[in-house]
Protein chains: 2
Amino acid sequence: MKTHYLNYVAGLSLIFLMASCGNQGSETSQVLGGSAAEQAYVAPGEYDEFYAFMSGGYSGQITAYGLPSGRLLKEIPVFSKYPENGYGYSEETKAMFNTSYGEVPWDDSHHIELSQTDGEFDGRWLFVNGNNTPRIARVDLKTFETVEILEIPDVAGLHCAPFITENSEYLVSGTRFSVPIPQKDVPIDTYKKNFKGLINYVSVDPEHGHMELAFQIEMPGFNYDLARNGKGKSHGWSFLTTYNSEQEHSLLEVNASQKDKDLMAVINWKKAEQYMKEGKFTERETSYFHNLMNEETSIAESEEKTLTKILDPKECPDMVYFIPVPKSPHGCDVDPTGEYIVGNGKLSADMSVYSFDKIMKAIEEKNFDGEFDGIPIISYEAALDGIVKKPGLGPLHTEFDGRGNAYTTFFISSEVVKWDVASKEILDRQSTFYSPGHLVIPGGETKKPDGKYLVAMNKITKDRYLPTGPELAHSAQLFDISGDKMKLILDFPTKGEPHYAQAIAADKIQPNSVKFYDIENNKHPYATLGESKTRVERDGDEVHVYMTAIRSHLAPDNIEGFKVGDKVYFHLTNLEQDWDVPHGFAIQGATNAELLVMPGQTRTLLWEPKRPGVFAFYCTDFCSALHQEMSGYARVSPKGSNVPLKWGLNEKLRENEQAAHDFYEKAKQNANIGK
Amino acid sequence: MKTHYLNYVAGLSLIFLMASCGNQGSETSQVLGGSAAEQAYVAPGEYDEFYAFMSGGYSGQITAYGLPSGRLLKEIPVFSKYPENGYGYSEETKAMFNTSYGEVPWDDSHHIELSQTDGEFDGRWLFVNGNNTPRIARVDLKTFETVEILEIPDVAGLHCAPFITENSEYLVSGTRFSVPIPQKDVPIDTYKKNFKGLINYVSVDPEHGHMELAFQIEMPGFNYDLARNGKGKSHGWSFLTTYNSEQEHSLLEVNASQKDKDLMAVINWKKAEQYMKEGKFTERETSYFHNLMNEETSIAESEEKTLTKILDPKECPDMVYFIPVPKSPHGCDVDPTGEYIVGNGKLSADMSVYSFDKIMKAIEEKNFDGEFDGIPIISYEAALDGIVKKPGLGPLHTEFDGRGNAYTTFFISSEVVKWDVASKEILDRQSTFYSPGHLVIPGGETKKPDGKYLVAMNKITKDRYLPTGPELAHSAQLFDISGDKMKLILDFPTKGEPHYAQAIAADKIQPNSVKFYDIENNKHPYATLGESKTRVERDGDEVHVYMTAIRSHLAPDNIEGFKVGDKVYFHLTNLEQDWDVPHGFAIQGATNAELLVMPGQTRTLLWEPKRPGVFAFYCTDFCSALHQEMSGYARVSPKGSNVPLKWGLNEKLRENEQAAHDFYEKAKQNANIGK
């Protein structure tokens with residue numbers, strides 16, 4: 001029986017892949033030659049026009065690309081430990097990984113949301129969800145560093161997140177998998193009875209960006225997949241697609257694909273705010289962690305929270321509605337005017353476009369087709385604005401160009417389709433290689449899209465680049481959408497698995513970018529503000545090394561008196577006050593990553609010496625012509641030895657002043673050679 | 001006094017940076033316009049011409065870029081744990097991180113060496129050094145996976161590694177920092193008396209590539225920095241630059257910069273082999289780890305080794321010599337003919353080029369200027385072929401184009417200089433932005449360079465790209481060197497800190513690239529070769545889940561009977577046998593990374609459930625149109641509960657066969673839409 005069934009699945013997959021690898025030749029031929037090359041080219045010394053922030057998917061991070069060049073400007077570590085710069089390994093950053101399950105070193109980041117003011121990107125912060133162990137992170141776009149991670153309790157697979165409202169009031173975040181609430185040990189086949197979903201409203205402090213779980217709305221046990229919030233006239237409302245309205249718990253590829261229509265949740269969050277004010281919530285004990293980088297000390301701090309506030313739609317009329325959406329919807333997108341909501345049933349041949357006005361009218365007239373768990377189901381016909389007929393196979397996501405056009409990705413037929421939002425007429429289609437998931441247009445989900453480029457993020461790569469063994473990079477494709485027809489300009493490989501991305505004009509971020517940390521403002525308790533203050537202090541088995549780095553030496557660079565069994569904390573302060581002069585620190589045999597310390601910053605590495613001897617440490621970033629000389633030695637004595645703590649930098653300094661001076665003079669002469 | 005001294009250093013640094021940020025405008029202007037754009041452009045669907053493998057520096061990894069596009073094709077995890085695909089987190093890969101210090105999750109990778117046959121790249125393997133906790137890794141270029149890591153004992157900072165001989169006989173690997181040998185607890189200021197250096201010869205098995213520490217040569221306590229081996233007539237010889245022949249141990253930037261000349265080591269390793277055969281070595285007890293991926297089971301295995309064989313130059317005449325090299329040399333490079341050896345004193349205004357023939361003659365005639373620790377010092381004048389006069393400031397590294405030209409990077413004056421190897425005449429200079437370290441020409445260190453492109457790897461980035469806060473990507477610059485003058489084509493940011501790189505023609509790797517693992521050859525002890533064999537077995541507190549993945553479900557996808565305190569091992573076998581269809585696995589709250597499992601492969605994730613409830617798991621790679629449905633539930637009961645182990649996939653399969661069938665038929669219809 002199983003094998004019999006498997007044939008179906010195998011057959012299916014085959015079709016998906018066949019469909020997704022179609023007519024490559026005809027498409028690529030159109031983009032050969034100079035003009036596409038020049039469109040994608042950013043000459044040495046020139047800048048890209050846009051930042052594109054892509055979620056890392058199973059990397060757990062975020063990548064920042066330049067558009068149109070497709071160059072990877074930076075990988076920003078968020079949910080996953082990052083040996084490259086010590087994020088998650090340094091004492092200052094470990095707390096970012098705390099959860100109610102303990103320290104979790106990884107997650108699956110899906111949806112990028114840039115902070116908005118009046119429905120436009122303001123370039124202040126970037127939010128992204130952790131899918132597996134539900135969390136939301138905030139990146140500060142002045143520093144490109146993760147500064148906050150908030151766990152979301154009593155949900156599972158926070159896929160439907162963190163969708164932002166037009167003034168960054170809330171990050172709307174729905175559970176992907178329903179679970180018993182609160183968690184309890186029940187048979188899985190009691191799903192329909194015991195499993196529920198929560199839609200979480202996370203508030204964002206307008207001044208500092210700090211996140212707080214404002215309230216949760218308890219919903220039927222569906223899978224909440226994707227969401228958008230209203231804008232303009234629909235501001236104050238949220239729209240969330242769901243699948244598995246069948247409420248099945250096994251083999252969902254078949255069992256959750258039975259109904260011809262699933263349901264889109266429509267939430268009036270202004271109403272919810274009112275109910276919160278009126279105290280219509282119940283409090284529930286739970287546990288979740290809030291991790292915040294202290295801006296003064298630059299040390300992450302964790303707080304366990306133990307209460308959440310829940311709203312029940314049954315007790316809160318006119319707060320939540322459903323609308324039927326054909327079949328197993330995935331994407332849910334709102335156009336720049338706030339009037340049109342696109343619900344894409346990934347197994348439906350057509351696409352349904354809903355009208356906000358009609359939804360409001362239907363609610364007003366109570367034009368309902370029954371209810372689900374006491375939540376009214378708005379009549380499909382009443383809410384529907386129109387249908388895009390047979391646009392392609394496997395519609396997923398839609399973005400907008402601000403000129404009245406929508407662009408939708410089709411996973412199975414491997415294409416991007418351009419259509420007219422008002423008329424629902426199909427205007428253009430271009431193949432993608434292969435099987436696109438999300439797409440992004442700069443500002444394409446805001447009130448004011450910049451409809452110049454479109455990036456399709458493809459799920460299947462196969463033969464698009466030189467092979468790299470079984471594991472291939474995922475692939476992005478850049479289209480010029482400034483004309484009537486989309487034009488493929490560039491293929492570029494990506495890092496991890498980008499799901500959603502958002503792109504923003506460079507001038508909204510570039511002017512505010514921090515070049516280094518002002519050492520005057522360094523309030524780290526173990527900072528060493530000047531080489532004269534360097535020292536080593538023992539407190540039982542704990543040894544604290546107050547160390548500084550400046551081109552081209554670490555101070556102190558000779559240390560004796562460490563003992564086997566000590567916990568040695570190297571607190572390294574980078575004394576530089578210039579752009580792009582990080583210093584690194586590593587010591588042989590540390591069961592730890594390196595430290596990469598930015599100018600003006602202090603970072604701490606824990607070293608537990610395991611055997612006696614003399615061990616080397618050095619700067620890991622090639623910082624200057626004499627970087628290779630930027631090293632030192634740590635002497636480790638046996639446990640219980642009486643070798644005293646001693647440290648120093650060049651006891652023979654005096655007699656070397658002449659050497660330093662000659663060297664300096666020579667460098668001055670030589671500096672002219674390069675001119 | 002200290003502050004007084006510091007002014008010198010600060011002043012110095014200032015000069016370095018000033019010098020390194022010179023005349024940008026004039027240089028970029030020359031490369032604007034279409035032709036450079038078209039040279040760097042690789043149209044969608046077309047392939048790059050070369051793979052460039054760059055060391056990740058403080059990322060500990062390797063990155064594979066395409067040239068000329070500068071696109072990042074893949075980051076290959078090597079020395080650092082990699083949550084992105086579970087490397088270092090899965091049970092199969094953990095052992096790769098074992099060292100004599102315990103599990104080390106990070107290192108600092110510097111020098112890429114591709115395997116060679118007859119002095120040319122053969123495209124089989126790639127070797128790279130771990131600088132901090134001395135190790136050498138091997139990557140299999142059929143799969144782009146790290147398959148072997150060998151620790152090197154009794155050295156510190158394995159910077160001078162792993163330089164390969166022309167038939168991959170050895171990886172020559174010298175210590176960067178000298179230490180007491182064997183390690184002991186001695187005062188650091190006994191450096192001159194107690195600290196020694198080791199040069200390690202690691203043999204490579206010609207069939208399987210397996211590494212073995214063949215022998216170590218005990219050397220004076222210098223810092224061994226970089227090396228090259230002879231080729232052609234000089235095959236059988238190694239050349240290694242050293243600094244700190246002053247044998248200082250503190251403030252090296254000054255104290256190791258005093259002597260006007262340091263020493264280059266010249267080693268006759270054929271002679272060393274002969275001494276080994278004659279048993280002229282001493283054995284020393286030590287400890288180091290050899291970690292090897294078992295190709296049959298695909299599980300990494302560790303072995304601790306406890307003996308090394310040491311050759312002492314005093315006991316082995318005619319094996320080791322020194323040659324004086326002006327001041328604090330860094331790069332050491334041998335031209336394609338094997339005749340010319342370039343020793344770059346990074347603080348010297350000129351560059352010394354040595355002649356292999358003259359070195360042989362000097363040895364024959366015993367034309368020595370004394371000795372150091374019993375090692376003869378060959379007369380500088382006798383070994384010198386000629387001097388490149390005032391080429392620039394801060395010469396670092398040299399590669400060759402196979403047309404008689406050499407290309408050298410200058411860190412301080414920020415430029416690449418082209419010069420004629422025979423005449424030492426300077427032919428061209430181009431600015432780089434900013435401060436280049438290594439450079440790479442495809443095959444540029446082999447007998448047969450492909451002198452079409454040159455990539456400069458710059459250490460300072462500053463304003464070259466859109467800013468990303470204080471932490472910036474390092475930067476590479478691609479030059480066309482096919483003409484008389486070098487032409488800057490492209491700037492591209494890089495990952496980590498690339499030190500050295502090697503580039504190889506795509507056709508030497510592409511045809512052999514493995515697309516997926518043949519499941520017939522899967523000998524993993526916990527593999528599940530077919531859905532019918534899926535099961536769950538308890539052994540005390542250990543639970544083993546034999547799980548399979550195929551589009552679009554995990555089997556089993558409902559599991560009950562886990563208990564708090566269990567050690568649950570999910571052994572996931574990917575049943576796909578198609579290219580680019582990995583499946584992932586993650587479960588909520590695991591204090592672990594994901595698994596990313598290639599087709600035909602088995603990978604294992606350890607999960608220790610911490611509280612009762614029902615927890616979701618899912619596929620982390622968007623594998624198909626119904627990926628979102630590829631999920632399941634694990635029920636966890638309290639410790640000591642008597643809930644029995646139960647598992648399944650869709651008990652209601654029968655009644656759903658009709659649904660599956662209808663779904664399949666519909667998909668077939670729809671598949672035509674995309675055509």
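Within every chain, numbering begins at 1; the chains are lettered A, B, ... in the order of the sequence lines, protein sequences first and strands thereafter. Note that the structure is predicted; figures quoted are calculated from it, not measured.
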- Message: So, taking the atom named CD1 in A:Ile550 and the one named CE in A:Met630, what distance separates them when rounded to the nearest 0.5 Å?
- Response: 8.5 Å
Using non-hydrogen atoms and a 4.5 Å limit, figure out which bit of [X] sits close to chain A: side chain, backbone, both or neither.
{"X": "B:Asp225", "value": "side chain"}
{"X": "B:Lys610", "value": "side chain"}
{"X": "B:Lys346", "value": "side chain"}
{"X": "B:Phe622", "value": "both"}
{"X": "B:Pro599", "value": "neither"}
{"X": "B:Pro582", "value": "neither"}
{"X": "B:Glu497", "value": "side chain"}
{"X": "B:Ala64", "value": "neither"}
{"X": "B:Val643", "value": "side chain"}
{"X": "B:Val636", "value": "backbone"}
{"X": "B:Glu145", "value": "neither"}

- Message: Can a side-chain donor-acceptor contact be found between A:Glu594 and B:Asn132 if the only test is distance below 3.5 angstrom?
- Response: no
Go through [options] and name the one with the most non-hydrogen pairs under 4.5 angstrom from chain A.
{"options": "B:His330, B:Gln510, B:Glu471", "value": "B:Glu471"}
{"options": "B:Ala593, B:Pro470, B:Pro493, B:Ala40", "value": "B:Pro470"}
{"options": "B:Asp491, B:Asp185, B:Asp48", "value": "B:Asp185"}
{"options": "B:Pro105, B:Ala616, B:Ala473", "value": "B:Pro105"}
{"options": "B:Gly394, B:Gly102, B:Gly496", "value": "B:Gly496"}
{"options": "B:Ala506, B:Ala156, B:Pro187, B:Ser641", "value": "B:Pro187"}

- Query: A:Phe177 vs B:Tyr618 aromatic rings, parallel, tilted or perpendicular, using cut-offs 30° and 60°?
  - Reply: tilted
- Message: Less than 6.0 angstrom from the centroid, inside 45 degrees of the normal: does B:Arg71 satisfy that with respect to the ring of B:Phe492?
- Response: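 No, B:Arg71 does not sit over the ring of B:Phe492.
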- So what's closer than 4.5 Å to chain B heavy atoms on A:Phe410: side chain, backbone, both or neither?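 The answer is neither part of A:Phe410.
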- Item | Close side-chain approach of B:Val179 to A:Phe615, heavy-atom, < 4.5 Å | no
